[in-house]
Amino acid sequence: MIDFFKKPLFSDFRFIFAVYFVLTLFASVRIVFWEGSNNYSIFYYSLEHLINNQSLYAEYPQQYSDHYHYAPTFAALFSPIFALPYSVGLFLWHFLFTGVWVYAIYKLPLTHQQKVFAYWFGVQELFTSLVNSQTNPMIAALSVFAFLSFEKKQPFWAAFFIMLGFNVKIYSLVAAGLFILYPQKLKFLASMVLWAIVLAVLPLLFATPAELYHQYELWVTQLMIKSDGDIWANTSIHRLIHLSISPTIPTAAIIGVGVAIFCTVYVRVGRYREFTYQMLMLASVLIFQVIFNPVAESPTYITAVTGVVCWWVVSPRTTLDRVLLISCFVLTVLSPTDIFPPYLRKTFVLPYALKALPCVLIWFRIVWLMLLPAPPTVTD
């Protein structure tokens, strides 16, 4: 598989970007003209509901099924797109998130060949997110941008990207865990408070203070309802634990243990200037926010797969690492596709949340590598 990425055509960024463009165009045309998008409808009508002082979190069966689960800020942030005609905005939506993710990978401090690997390894998972009109590629990109900002000694902008992600999906707040590795901690924390306030009041462009306060009350209630939903309706470590150990283990307990394990790596904070440690930390952040999300779905895994790429470029490349990478490609990336045998998907992958399993195992592998007193030796 690695040799494939070394072929001149397949390692040419112009060809790779063309492939991403064509796939995004295909997804956009298919969704706009044939299938439609319930997810985008939820996003699109949020601006109308905010302006008209309607609950963002009520049911609107004439417009879409399911509920709006995002912060009121989300509607204001994307108002330039939601203000466009529905089909135009929907068409641009996919290009926006593809472009942001592709740019984030391009800006990572990786070699040309490592970026080529990232693009090819992630293309199918990105497409899975695109056909669902999801925001997940941007969530992955925002964590990467926060990491890059920290590296550039720009905690102000790191805080911006983290809080921006929080207002789209709250689990992206995990990226704030990066700040412990870098100087200017007080500046970062002050910037977090500033950006939290700025983004929280942004919807005042479309609502009165009283109306906005009520929307935030409704948002908190909706989050509680969603997080306390059916324990079987997720693709994450929560479902794996509930299936294999006990369905009565509380979600909060699983998250609490996960946070504790996540924080153990800070005992090696002295390694923070090592490139290996930095990439492993970014990988941990990206994977954690998916596998410990109690409402994670298949399209969210573009974020975790981005983390897998960050892990692989600095992994020791042992037999274990190779098995984990291949299992991730097969179970996480390929299992939702037509390439994967439908019988295996319906009988094993979906009922047992096997899409999550490789990412969970890789995350534990990352934690172990970060706890080592010195960086692991790469075998090739």
Side-chain angles (χ1 to χ4, degrees), residues 69 71 136 139-140 142-144 146-147 150 155 158-159 161-182 185 188-189 191-193 195-196 220 223-224 226-229 231 234-272 277-297 300-301 303-308 310-311 353 356-372:
H69 300 295
N136 299 298
I139 294 301
L142 289 175
S143 291
V144 172
F147 166 77
F150 277 123
F161 290 122
I162 292 169
M163 291 311 304
L164 184 62
F166 172 80
N167 279 279
V168 179
K169 292 200 171 183
I170 62 173
Y171 266 75
S172 60
L173 190 63
V174 174
L178 292 167
F179 94 99
I180 294 179
L181 307 183
Y182 296 92
K185 294 178 176 58
F188 170 77
L189 293 173
S191 299
M192 285 279 285
V193 173
W195 282 117
V220 172
L223 288 177
M224 296 301 178
K226 187 171 177 62
S227 63
D228 290 337
I231 62 173
N234 67 82
T235 306
S236 68
I237 195 171
H238 297 273
R239 189 159 164 216
L240 291 173
I241 289 175
H242 289 146
L243 283 167
S244 60
I245 301 177
S246 170
T248 62
I249 297 176
T251 295
I254 296 172
I255 295 174
V257 172
V259 170
I261 296 173
F262 177 90
C263 292
T264 60
V265 302
Y266 292 131
V267 302
R268 299 296 183 189
V269 71
R271 291 180 51 196
Y272 87 97
Y277 190 88
Q278 293 167 354
M279 294 305 295
L280 288 174
M281 188 64 182
L282 176 59
S284 178
V285 164
L286 288 164
I287 297 174
F288 182 97
Q289 60 186 276
V290 175
I291 64 172
F292 282 95
N293 183 346
V295 293
E297 302 170 315
T300 65
Y301 273 78
T303 302
V305 166
T306 305
V308 169
C310 295
W311 155 74
L357 182 60
C359 292
V360 170
L361 296 177
I362 288 171
W363 184 74
F364 281 105
R365 173 65 168 161
I366 289 168
V367 171
W368 171 255
L369 293 174
M370 294 182 73
L371 288 172
L372 296 176

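Just so you know, residue 1 is the first one in the sequence shown, and it goes up from there. Just the heavy atoms: all of them, side chains too, but no hydrogens, waters or symmetry mates, feed the values below.
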Determine, stepwise, if the pair L142 / I162 fulfils side chain to side chain contact (heavy atoms under 4.5 Å, CB included).
CA-CA 7 Å; L142 289 175; I162 292 169; over 6 Å; no
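- Applying the salt bridge (Lys or Arg N to Asp or Glu O under 4.0 Å) rule to R365 yields the partners D321; only residues at least two apart in sequence or on another chain are considered.
- Among residue pairs with one or both ends in residues 166-175, those qualifying as side-chain hydrogen bond (donor to acceptor under 3.5 Å, both in side chains) are T73-N167, N136-K169; sequence neighbours excluded.
- For the atom pair CE of M281 and CE of M370, the computed distance is 5.0 Å after rounding to the nearest 0.5 Å.
- In this structure, L286 and S143 approach most closely via the heavy-atom pair CD2-CB, 3.6 Å.
- The aromatic rings of F188 and F179 lie parallel to each other, their planes meeting at an angle below 30°, with 60° marking the opposite boundary.
- A pairwise comparison of heavy atoms in S236 and I291 identifies CB-O, 3.2 Å as the closest pair.
- Without hydrogens or angle criteria, H242 side chain to I249 main chain gives a donor-acceptor distance under 3.5 Å.
- Q278 places a side-chain N or O within donor-acceptor distance of the main-chain N or O of Y272, the cut-off being under 3.5 Å.
- W311 contributes atom CH2, which lies 4.5 Å from atom CD1 of I362 (distance to the nearest 0.5 angstrom).
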Please table the atom pairs, donor to acceptor, closer than 3.5 Å between any side-chain atom in residues 253-266 and protein atoms at least two apart or in another chain.
{"unit_1": "T264", "atom_1": "OG1", "unit_2": "I261", "atom_2": "O", "d": "2.6"}
{"unit_1": "Y266", "atom_1": "OH", "unit_2": "G177", "atom_2": "O", "d": "2.6"}

Go through the steps to decide whether F161 and W195 satisfy the test side chain to side chain contact (heavy atoms under 4.5 Å, CB included), and finish with yes or no.
CA-CA 9 Å; F161 290 122; W195 282 117; over 6 Å; no
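- Between F288 and W363, the ring planes lie tilted relative to each other; the angle falls in the 30° to 60° range.
- To the nearest 0.5 Å, the span separating CD1 on I287 from OH on Y301 amounts to 10.0 Å.
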CA sep, side-chain torsions, deciding dist, call: Q289, T303, side chain to side chain donor-acceptor pair (under 3.5 Å):
CA-CA 8 Å; Q289 60 186 276; T303 302; 5.2 Å; no
